[in-house]
Each structure stands twice: as C-alpha cells, then as structure tokens.
Amino acid sequence: MEPLRDSIHYQQLARKARQLASAHSDPVVARRLRETAVQHDRLARKLEREESVEEKPQSEWKTFIKQLKRR
C-alpha cells in the first residue's frame with residue numbers, strides 16, 4: 001500500500017503538531033513540535049507546487065517534441 005502523500009494530509013499534520021505544541025508544558029518538546037510543523041508545511045507547499053504543475057496542460061509543441069524523442 002502506498003503512503004498517503006498529498007498536500008492536505010501534511011497541512012493537517014502541521015496543524016495538529018501546532019496544537020500539541022501549544023498545549024504541551026515542556027518547552028523543549030513544544031519547540032520540537034513547532035519545528036516538525038514547519039517541516040510539514042514546507043512539504044505540503046512542495047507537494048502543492050508539484051500538483052499544480054501536473055494539472056497544467058502541455059502545449060502542443062511540447063507534446064509533439066516528446067513524440068519525436070520517442071522515435
């Protein structure tokens with residue numbers, strides 16, 4: 001089974017990590033949770049960029065050049 005890798009999933013993980021950090025009494029653990037939230041946010045933005053690139057239709061010339069390269 002493939003791991004779930006979409007931007008919404010990582011945004012939710014970041015939100016949960018921030019909630020846990022704000023509720024935690026140990027400042028070291030809270031800082032680590034906030035750092036983890038930042039990492040999840042970065043990964044979510046990266047996946048959003050990749051998803052938006054995949055959704056853009058290719059121009060006819062790019063498709064034509066790819067077909068020529070395959071030959």
Side-chain angles (χ1 to χ4, degrees):
M1 185 171 141
E2 268 186 49
L4 182 62
R5 288 183 53 89
D6 63 344
S7 59
I8 296 171
H9 175 72
Y10 286 102
Q11 288 171 353
Q12 290 172 347
L13 286 175
R15 189 177 315 117
K16 186 64 177 176
R18 283 194 185 89
Q19 288 174 351
L20 290 172
S22 66
H24 210 284
S25 61
D26 186 4
V28 176
V29 175
R31 180 178 54 96
R32 182 66 183 135
L33 285 167
R34 285 190 296 273
E35 290 171 356
T36 303
V38 169
Q39 290 174 352
H40 288 315
D41 277 334
R42 287 179 182 161
L43 186 53
R45 286 193 303 267
K46 178 184 173 188
L47 291 173
E48 281 178 359
R49 286 191 303 268
E50 290 173 359
E51 291 169 359
S52 68
V53 168
E54 291 174 359
E55 291 174 0
K56 291 182 182 176
Q58 292 184 348
S59 70
E60 293 179 22
W61 284 108
K62 284 185 179 181
T63 307
F64 177 71
I65 291 171
K66 281 186 178 181
Q67 289 175 352
L68 287 176
K69 287 181 180 180
R70 290 182 193 157
R71 294 181 184 178

Chemist: May I have all residue pairs that pass ring-ring contact (aromatic ring centres under 6.0 Å, His included) and include part of residues 19-50, sequence neighbours excluded?
Modeler: Tyr10-His40
Chemist: How close do Ala17 and Ala37 get, heavy atom to heavy atom, and via which atoms?
Modeler: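 So the minimum-distance heavy-atom pair works out to CB-CB, 3.9 Å.
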Chemist: Would you give the length of the straight line joining atom NZ of Lys16 to atom OG1 of Thr36, rounded to the nearest 0.5 angstrom?
Modeler: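 Here the interatomic distance stands at 14.5 Å.
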Chemist: Which atoms form the tightest heavy-atom contact between Ala44 and Ser7, and what is the distance?
Modeler: O-CB, 3.4 Å
Chemist: Sequence neighbours left out, what passes salt bridge (charged side-chain N to carboxylate O under 4.0 Å, His left out) with Arg18? Give chain and number order.
Modeler: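 Per chain and number, Arg18 pairs via salt bridge (charged side-chain N to carboxylate O under 4.0 Å, His left out) with Asp41.
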Chemist: Quick check for you: to the nearest 0.5 Å, what is the distance between Gln12 atom CD and Asp6 atom CG?
Modeler: 8.0 Å
Chemist: Out of curiosity, Leu43 CG to Gln11 CD, how far, rounded to the nearest 0.5 Å?
Modeler: 10.5 Å
Chemist: Any salt bridge (Lys or Arg N to Asp or Glu O under 4.0 Å) pairs touching residues 28-40, not counting sequence neighbours?
Modeler: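 Found Arg31-Glu35, Arg32-Glu35.
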Chemist: Can you list, by chain and residue number, the hydrophobic cluster partners of Val28 when the side-chain cut-off is 4.5 Å?
Modeler: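 Under the 4.5 Å side-chain rule, Val28 groups with nothing.
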Chemist: If hydrophobic residues (ILVMFWY) are linked whenever their side-chain heavy atoms come closer than 4.5 Å, directly or via other members, who joins Leu20 in its cluster?
Modeler: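 Direct or chained contacts put Leu20 with Val29, Leu33.
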